Amino acid sequence: QVQLVESGGGLVQAGGSLRLSCAASGIRFSINTMGWYRQAPGKQRELVALITSVDSTNYADSVKGRFTISRDNAKNTVYLQMNSLKPEDTAVYYCNANAFPVNYWGKGTLVTVTS
């Protein structure tokens, strides 16, 4: 059984920080590319950041310089450190595992940034 469980979301003021965690089970975590996506009301789900099995990273232009994705293979966990948060970062954040040929998704954690 594959499970991705996000945590760390919450309410924060603009300029603040949050650290999201995603604990994975049931997959070969160390060989998978992991990603964080987000979806705001009325918007499409979008890629925020990803990290490969060899620690290559990629970020959406909107979060470059503010967010950092990392992974701890010993803990089967991927993190998203979010700094200098803006109201437009408000969304449900989803963890993704690209376990070819399928993708797995967590249920999401809500991040709300107030002005």
Side-chain angles (χ1 to χ4, degrees):
Q1 184 179 16
V2 176
Q3 288 189 326
L4 303 176
V5 181
E6 302 97 334
S7 61
L11 182 68
V12 65
Q13 293 186 35
S17 298
L18 285 174
R19 182 178 174 88
L20 306 183
S21 299
C22 171
S25 61
I27 61 171
R28 303 292 294 272
F29 181 84
S30 64
I31 67 171
N32 296 144
T33 293
M34 303 295 297
W36 286 98
Y37 292 71
R38 67 186 181 188
Q39 188 167 23
K43 303 291 186 180
Q44 297 293 119
R45 186 174 298 186
E46 65 176 353
L47 174 67
V48 177
L50 61 82
I51 183 166
T52 72
S53 62
V54 293
D55 289 341
S56 295
T57 58
N58 194 26
Y59 298 91
D61 288 341
S62 60
V63 307
K64 284 182 179 177
R66 300 188 297 120
F67 291 10
T68 303
I69 189 171
S70 61
R71 66 194 296 161
D72 185 340
N73 290 340
K75 295 183 177 181
N76 286 1
T77 300
V78 62
Y79 305 95
L80 186 68
Q81 178 67 46
M82 305 185 294
N83 298 326
S84 302
L85 283 162
K86 304 174 180 179
E88 50 262 46
D89 295 319
T90 296
V92 177
Y93 284 70
Y94 297 92
C95 181
N96 169 264
N98 182 10
F100 183 83
V102 298
N103 281 277
Y104 297 98
W105 296 90
K107 293 183 178 180
T109 185
L110 177 63
V111 172
T112 302
V113 185
T114 61
S115 60

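Bear in mind that the values here come from a model prediction, so they are computed numbers and not experimental data.
- The shortest heavy-atom contact between L80 and A49 is CD1-CB, 4.2 Å.
- Other residues, nucleotides and ligands contribute more than 12 heavy atoms inside 6.0 Å of the CZ atom of R19.
- Counting only residues at least two apart or in different chains, ring-ring contact (aromatic ring centres under 6.0 Å, His included) contacts with residues 30-76 comprise Y37-W105.
- Note that OG1 of T57 is 8.0 Å distant from CG of L50, once rounded to the nearest 0.5 Å.
- Taken together through direct or relayed side-chain contacts under 4.5 Å among Ile, Leu, Val, Met, Phe, Trp and Tyr, I51 and L20 form part of one hydrophobic cluster.
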Indicate every side-chain donor-acceptor pair of residues 6-15 with a distance under 3.5 Å to a residue at least two apart or in another chain.
| unit_1 | atom_1 | unit_2 | atom_2 | d |
| --- | --- | --- | --- | --- |
| E6 | OE1 | K107 | N | 3.2 |
| E6 | OE1 | G108 | N | 2.9 |
| E6 | OE2 | C95 | N | 2.8 |
| E6 | OE2 | G108 | N | 3.2 |

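- Closest approach of F29 to A24, counting heavy atoms only: CD1-CB, 3.7 Å.
- There is a path of hydrophobic side-chain contacts, each under 4.5 Å, that joins V111 to I69.
- Evaluation of the salt bridge (charged side-chain N to carboxylate O under 4.0 Å, His left out) test over residues 66-88, restricted to residues two or more places apart or in two chains, returns R66-D89.
- Between R45 and N96 the shortest side-chain heavy-atom distance does not fall below 4.5 Å.
- Here the closest non-hydrogen pair linking N98 and N103 is CA-OD1, 3.5 Å.
- The CG atom of L4 lies 4.5 Å from the SG atom of C22; values are rounded to the nearest 0.5 Å.
- When all heavy atoms are compared, the tightest approach of Y93 to V48 is CE2-CG2, 4.2 Å.
- L18 and M34 fall within a single hydrophobic cluster, where Ile, Leu, Val, Met, Phe, Trp and Tyr side chains are chained together by heavy-atom contacts under 4.5 Å.
- The heavy-atom pair separating T77 from S21 by the smallest distance is CG2-CB, 4.3 Å.
- Note on F100: it does not cluster hydrophobically with V102, by side-chain heavy-atom contacts below 4.5 Å among ILVMFWY residues.
- One finds the CG atom of L47 at 10.0 Å from the CZ atom of R38 (value rounded to the nearest 0.5 Å).
- Between T90 and V113, the shortest heavy-atom contact is OG1-N, 2.9 Å.
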